[in-house]
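Here is how names work: the chains are called A, B, and so on, in the same order as the sequence lines, proteins then strands, and each is numbered from 1. Heavy atoms only: backbone and side chains are in, while hydrogens, waters and symmetry mates are out. Keep in mind that this is a model prediction, so the values were computed, not measured.
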Number of protein chains: 2
Amino acid sequence: MIDCYNRIYIMERDMARVVSIRHLILGLLIQQSMSGYDIKRSLKSLSWLIDSPSYGSIYSALRALREDGLVTIQETPCQDKSPRKVYTIEDAGRQALREWVGQPAAPDISLKTFVMHLILAGSFSHTGLIAHLQQRRSQVAAHHTTLKQIAETVDGTTDSGQRLTFDYGLTLATAELAWLDRMLEQSSQQPLPVEVVQGDGVALAA
Amino acid sequence: MIDCYNRIYIMERDMARVVSIRHLILGLLIQQSMSGYDIKRSLKSLSWLIDSPSYGSIYSALRALREDGLVTIQETPCQDKSPRKVYTIEDAGRQALREWVGQPAAPDISLKTFVMHLILAGSFSHTGLIAHLQQRRSQVAAHHTTLKQIAETVDGTTDSGQRLTFDYGLTLATAELAWLDRMLEQSSQQPLPVEVVQGDGVALAA
DNA sequence: CGTATCATGTAACTAGTTACATGATTCA
DNA sequence: TGAATCATGTAACTAGTTACATGATACG
């Protein structure tokens, strides 16, 4: 894992907590059992914020999760309708999610990744979630600062692409910082009621 | 392209204007010639908003663009330093970008895709850009409405993931709508000074 | 002189998309 | 009765990532 110059490569993404749609599905199923179609729809409601995954990836992720024994299927017939295939998370799935949550977070995550983490917020411990919000805060704050500088120098240029992009970024960064501060303040006064993922009756803190 | 039920499939992504890193690079190079490293860095400044592409994808996109004759390389030696490879867009590249810009836009784009379009704003015609902003506005507005409804029903639940996600989404949607309205208003009063991509002296409107 | 960062790539892999395929249910 | 949407998948592909590889330059 170290090159001839003894510099450390890797470990950036490799070991870091990266959300795949597998984790996302696990996170949704921990809240409640649902079908592949339901999963698609529930992610669709955030489609303007994140590129929501296609059926192809959802169903194949579901198959993989089933093969690994992390979820199970129940064919639930509703009256005389054709039965829906409802997926339920198993203890192994909860365990896997807990392990994943315990991994170190990547320092530099995108908005999409942050949203995906947010969806999984219920799977984090209170402190884990706070840490995550704080990390995002410092990241956005840093970009806010540089963006502000760039926006000023770029203000007079004819390049509308650059101007619009930086202005847009600045607007969102400002709004996001305010939100993060509000959340962080709220959580210091009264803990956000997060439920820690439970395996077999034992709550684990991250 | 039509199935046995005569329903139209496809055309959703297929024909729609989808930004790949190839277009993004072309859009950056139309503003000014730069090296692969420069491209990486200029996209890195938006890394909190979008997952910025890796060197691997940038350099291979650059190779593909070169093979297609859309860009050329100049090895520019700076003094006695080892020369940097600066990529410059060719007329064929401008033409390709113009064609891409002329395609219909996908109705349902994510924030990431929107940012990528914004970076390419200079390659759109004035009306094209306005249309794009309006489309995004109506999309975000729709999601804002549904999000607001969901947020209310979800407000009392213990599920912090859902609450946080929807609250976050709502905050960003509000900020984005305000920004879009401001831009749209500005552009109706005095046109945003966008430059239409020019091929051989003839400006094309979308 | 050693570390950081500038700078450019490639090979192997994998995650996810697109298009294909099918059929049931709902509703105007 | 036809269209929309509910619902579940698969095969082929492709875009993009990770890890590998190398070397120059800047700076303290």
Side-chain angles (χ1 to χ4, degrees), chain A residues 1-16 18-25 34-41 43-44 50-66 73 75-87 106 110 112-113 116, chain B residues 1-16 18-25 34-41 43-44 50-66 73 75-87 106 110 112-113 116:
Chain A
M1 301 310 182
I2 280 176
D3 76 358
C4 61
Y5 286 77
N6 260 31
R7 282 178 299 196
I8 298 162
Y9 280 112
I10 323 180
M11 304 282 144
E12 280 181 38
R13 288 269 176 183
D14 198 22
M15 286 297 295
V18 173
V19 202
S20 68
I21 74 146
R22 230 114 110 195
H23 302 116
L24 210 54
I25 289 177
M34 51 177 114
S35 69
Y37 196 80
D38 291 335
I39 290 168
K40 170 77 179 166
R41 289 217 314 176
L43 292 176
K44 186 87 187 274
I50 60 174
D51 264 320
S52 72
S54 61
Y55 283 117
S57 55
I58 286 173
Y59 282 114
S60 57
L62 243 15
R63 179 160 39 82
L65 288 173
R66 189 165 31 126
I73 290 190
E75 295 218 0
T76 51
C78 332
Q79 298 119 37
D80 52 346
K81 293 182 198 174
S82 60
R84 299 171 73 243
K85 297 191 180 173
V86 174
Y87 292 82
S110 66
K112 175 183 177 171
T113 308
M116 290 170 95
Chain B
M1 301 310 182
I2 279 175
D3 75 358
C4 60
Y5 287 77
N6 259 29
R7 282 179 299 195
I8 299 162
Y9 279 113
I10 322 179
M11 304 281 145
E12 282 184 37
R13 288 272 177 180
D14 198 24
M15 287 296 295
V18 173
V19 201
S20 68
I21 76 146
R22 230 114 109 194
H23 302 117
L24 210 54
I25 289 177
M34 51 176 114
S35 68
Y37 196 80
D38 291 335
I39 290 168
K40 170 76 180 167
R41 287 217 314 177
L43 292 175
K44 186 86 187 274
I50 61 173
D51 265 319
S52 71
S54 61
Y55 283 116
S57 54
I58 287 173
Y59 282 114
S60 57
L62 242 16
R63 179 159 38 82
L65 288 172
R66 189 166 30 127
I73 290 191
E75 295 218 0
T76 52
C78 331
Q79 298 117 36
D80 51 345
K81 292 182 199 173
S82 60
R84 299 172 72 244
K85 297 190 180 174
V86 175
Y87 292 82
S110 66
K112 175 184 177 170
T113 308
M116 289 168 96

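A straight line from NZ of K44(B) to P of dA7(C) spans 14 Å, rounded to a whole angstrom. The interatomic distance linking M34(A) (CE) with dC6(D) (P) rounds to 16 Å, in whole Å. Between the P atom of dT17(D) and the CG atom of L43(B) lies a distance of 11 Å, rounded to the nearest Å.
Looking only at side-chain heavy atoms (C-beta outward), I39(B) and L62(B) come within less than 4.5 Å of each other. By the 4.5 Å heavy-atom criterion applied to side chains, T113(A) and V18(A) are not counted as neighbours.
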Check: protein-nucleotides 8-15 of chain D nitrogen or oxygen pairs below 3.5 Å:
| residue | atom | partner | partner atom | Å |
| --- | --- | --- | --- | --- |
| dT8(D) | OP1 | K85(A) | N | 3.1 |
| dT8(D) | OP2 | Y37(A) | N | 3.1 |
| dT8(D) | OP2 | Y59(A) | OH | 3.0 |
| dT8(D) | O5' | Y59(A) | OH | 3.4 |
| dG9(D) | OP1 | K85(A) | NZ | 2.7 |
| dG9(D) | OP2 | Y87(A) | OH | 3.1 |
| dT10(D) | OP2 | R63(A) | NE | 3.3 |

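Regarding contacts with the backbone of dC6(D), a side-chain N or O of R41(A) is found under 4.0 angstrom from either OP1 or OP2. Neither OP1 nor OP2 of dG16(C) sits under 4.0 Å from any side-chain N or O of S57(A).
Summarising the geometry of Y55(A) relative to Y37(A), their closest heavy-atom pair is OH-CE1, 2.9 Å, with the distance given to 0.1 Å. Considering all non-hydrogen atoms of both residues, S52(A) and K44(A) come closest at OG-CA, 4.1 Å. Across all their heavy atoms, S57(A) and S60(A) have their closest contact at O-OG, 3.3 Å. What you find for I58(A) and G36(A) is that their closest heavy atoms are CG2-O, 4.0 Å. Residue I21(B) comes nearest to A61(B) through the heavy atom pair CD1-CB, 3.5 Å, listed as atom of the first residue, atom of the second, then distance.
The main-chain N or O of S35(B) is never found under 3.5 Å from a side-chain atom of K85(B) such that the two would form a donor-acceptor pair.
Note on the helix from dC1(C)-dG28(D) to dA28(C)-dT1(D): terminal axis deviation equals 50°, with five pairs used at each end and the result rounded to 10°.
Between dC6(C), dT17(C), dT17(D), one nucleotide has an atom nearer to the side chain of P53(A) than all others, and that is dT17(C).
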